2 protein chains.
Amino acid sequence: MATQEHSLFQPVRRSRVSEDIVRQIQDLIAAEHLQPGDRLPGERELAEAVSVSRQSVREALRVLDYLGVVIVRPGEGTFVATTPPSPVDPSLYSLLSERSFLLDLLEARRILEERIVPLAARRATRDDLDAMDDALTARERGLAAGKHDVAGDLAFHTQLAELTGNPVLTSVMRYLSEMWLRSREKTGRRPTSPHKALQFHRQILQAVRRRQPSAARRALRRHLDDMRADIEERGR
Amino acid sequence: MATQEHSLFQPVRRSRVSEDIVRQIQDLIAAEHLQPGDRLPGERELAEAVSVSRQSVREALRVLDYLGVVIVRPGEGTFVATTPPSPVDPSLYSLLSERSFLLDLLEARRILEERIVPLAARRATRDDLDAMDDALTARERGLAAGKHDVAGDLAFHTQLAELTGNPVLTSVMRYLSEMWLRSREKTGRRPTSPHKALQFHRQILQAVRRRQPSAARRALRRHLDDMRADIEERGR
DNA sequence: GTGGATTACTGGTCAGACCAGCAGTCCTAA
DNA sequence: TTAGGACTGCTGGTCTGACCAGTAATCCAC
């Protein structure tokens with residue numbers, strides 16, 4: 001064919017098979033044919049279904065993996081991610097699945113939250129505090145009814161950051177939370193006891209409500225220390 | 001760079017080979033061994049350089065392609081993209097142009113860096129410190145020759161974060177730097193005296209080199225206090 | 001029961017092969 | 001001499017088939 005690009009014509013965009021697969025899977029998720037947590041067919045099966053080589057399927061899955069759309073666990077399979085896909089610093093990506101990464105993440109959280117919590121105790125408005133209290137109570141009730149989502153636990157910490165009134169702190173906290181979720185999802189780590197977490201949250205919030213910055217920081221430290229101990233222990 | 005040094009690429013070792021390659025290439029770009037527009041070695045060549053199959057190389061390149069780090073052109077080769085992608089939290093976008101935003105940003109930086117700097121003083125390796133020293137000296141010389149770029153000043157702070165050995169802290173610092181640049185770009189704010197900044201940097205680095213965490217933190221505080229005063233004053 | 005070995009399956013990796021497009025080279029014909 | 005086309009070697013794109021190392025469910029012996 002002589003359809004070269006005279007100015008009228010666009011350069012022909014040769015599609016890459018893997019791109020097509022990426023789009024198809026994303027569409028299936030968007031259309032909710034694939035729900036979070038669902039297991040995708042194996043790579044071999046998928047390849048045959050699309051009449052394509054396994055290599056092309058793998059390239060597609062690798063991309064979706066990086067995008068956070070999908071979680072790939074060797075020996076088990078590939079699953080639709082439960083956390084909303086959020087861009088993660090690409091340079092950190094390869095670390096997400098290492099246990100030490102959660103400890104690094106925890107160190108960063110500690111640095112930040114140790115200062116956020118006292119600020120929240122000083123700056124939060126009455127209304128904000130009431131709203132958080134309601135949210136926490138709702139979560140406690142939800143847990144009693146057997147319902148529990150990890151993202152909600154992290155939301156508490158992000159909300160704490162919001163109380164400071166500094167949107168940058170909120171943004172950074174959200175950033176760390178996203179990495180936390182991704183990392184834990186990739187490692188397949190079980191969440192720590194939700195009851196314990198809620199108790200800590202209650203303590204922190206109480207101190208904040210009473211405008212006791214130091215007490216709030218102490219409670220926060222206990223919470224993070226407990227998490228660290230949990231990570232270090234399970235890692236063995 | 002017509003001749004590509006293969007010695008730049010290290011043999012690969014642990015889990016998922018493609019992740020390692022992604023990181024190596026990103027590192028090479030970050031270290032400016034690979035410049036925007038440069039052509040990467042062919043897939044086959046790259047594979048051999050890291051003792052890995054071509055498939056793994058392809059998976060890595062596919063990811064880098066999606067991330068916008070690299071441009072792949074069939075028949076020609078793979079090239080480093082000219083514009084590195086830098087996402088900013090959309091919810092903050094509208095705030096970028098407000099003066100108070102720089103103050104919020106500064107508060108976050110202070111919280112983080114006040115803890116980063118002492119950590120750096122404790123953990124940094126000799127080599128890292130020497131490298132930073134060289135970089136700082138180069139910048140001093142550049143300034144004397146009338147050359148000055150704001151991004152370089154922020155790079156100092158990011159490098160400080162790297163000294164902690166905690167990639168999360170580095171990432172957050174980079175995240176804040178990104179917003180800082182954007183915000184200042186939008187507000188059209190003139191940078192503070194580059195000479196003054198370099199002097200502060202020199203003081204901080206010296207304390208870190210001498211393994212004096214407290215002194216390093218004090219120097220860092222002076223630096224940030226100075227910046228805040230500068231922002232508040234000019235805002236009037 | 002209970003626990004250990006077995007086995008089928010999954011992703012991770014490798015090797016080698018072929019295709020189509022791009023770009024220089026070289027040879028030929030005007 | 002020079003314009004044109006064939007040639008050649010490179011590049012990424014794709015496919016096939018094979019083996020490895022984990023997971024998880026099963027089954028069998030104790």
Side-chain angles (χ1 to χ4, degrees), chain A residues 1-5 9-25 37-66 69-81 93-94 96-99 185-190, chain B residues 2-4 6 9 11-25 37-66 69-81:
Chain A
M1 279 241 290
T3 51
Q4 293 305 325
E5 54 275 295
F9 298 96
Q10 307 264 328
V12 177
R13 180 169 146 28
R14 283 178 306 282
S15 60
R16 209 150 25 192
V17 174
S18 62
E19 286 180 6
D20 227 77
I21 302 174
V22 168
R23 249 196 74 252
Q24 281 200 46
I25 293 179
D38 280 358
R39 185 174 175 288
L40 284 109
E43 296 181 352
R44 295 162 175 84
E45 200 176 339
L46 213 44
E48 192 172 2
V50 198
S51 305
V52 116
S53 78
R54 196 180 153 209
Q55 156 143 344
S56 297
V57 170
R58 279 185 62 76
E59 289 181 15
L61 291 180
R62 186 88 314 106
V63 168
L64 291 169
D65 185 23
Y66 263 79
V69 174
V70 129
I71 308 290
V72 179
R73 280 200 281 267
E76 296 183 57
T78 304
F79 305 83
V80 178
Y93 184 85
S94 52
L96 281 181
S97 48
E98 295 178 19
R99 184 171 66 94
E185 194 167 16
K186 274 190 83 72
T187 56
R189 178 175 296 282
R190 298 279 98 213
Chain B
T3 53
Q4 179 77 45
H6 303 167
F9 298 90
V12 164
R13 47 215 152 60
R14 56 168 173 277
S15 68
R16 206 133 58 178
V17 176
S18 63
E19 288 179 4
D20 236 86
I21 301 174
V22 167
R23 193 153 33 147
Q24 279 200 46
I25 293 178
D38 280 355
R39 186 174 175 285
L40 290 156
E43 296 181 354
R44 298 164 230 275
E45 203 175 339
L46 213 43
E48 192 172 4
V50 291
S51 306
V52 119
S53 79
R54 198 181 150 207
Q55 158 143 343
S56 296
V57 169
R58 279 185 63 75
E59 290 181 14
L61 291 179
R62 187 88 316 104
V63 167
L64 290 170
D65 183 25
Y66 263 79
V69 174
V70 127
I71 309 286
V72 180
R73 281 199 286 267
E76 295 181 58
T78 305
F79 304 84
V80 178

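Order of the sequence lines fixes the chain letters, A, B, ..., with proteins taken first and strands second; residue numbering starts at 1 for each chain. This one's a predicted model, so the numbers in the text were calculated from it and none came from an experiment.
- A:F79 places its CZ atom 11 Å from the C1' atom of D:dA24, with the value rounded to the nearest Å.
- Remark: B:S56 is not in phosphate contact with C:dG12, judged by side-chain N or O atoms under 4.0 Å from OP1 or OP2.
- Of all heavy-atom pairs spanning A:S18 and A:A60, the tightest one is O-CB, 3.5 Å.
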Please encode protein proximity along nucleotides 7-13 of chain D as a string of B, S and -, counting only heavy-atom distances under 4.0 Å. ----BBB
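- The side-chain heavy atoms of A:R62 and B:R62, taken from C-beta on, include no pair separated by under 4.5 Å.
- Rounded to an integer number of Å, the gap from A:E59 CD to D:dT16 C1' is 15 Å.
- Nucleotide C:dG16 holds its C1' atom 13 Å from the CD atom of B:Q55, rounded to whole Å.
- Other residues, nucleotides and ligands place more than 12 heavy atoms under 6.0 Å from the CD atom of A:E76.
- Take B:V70 and apply the side-chain contact (heavy atoms from CB on, under 4.5 Å) test, not counting sequence neighbours, and it matches B:L40, B:L64, B:V72, B:T78.
- Contact annotation: the side chain of B:V57 approaches that of B:I21 to within less than 4.5 Å [non-hydrogen atoms, C-beta and beyond].
- Looking at A:V63 and B:D65, their side chains never come closer than 4.5 Å, going by heavy atoms from C-beta outward.
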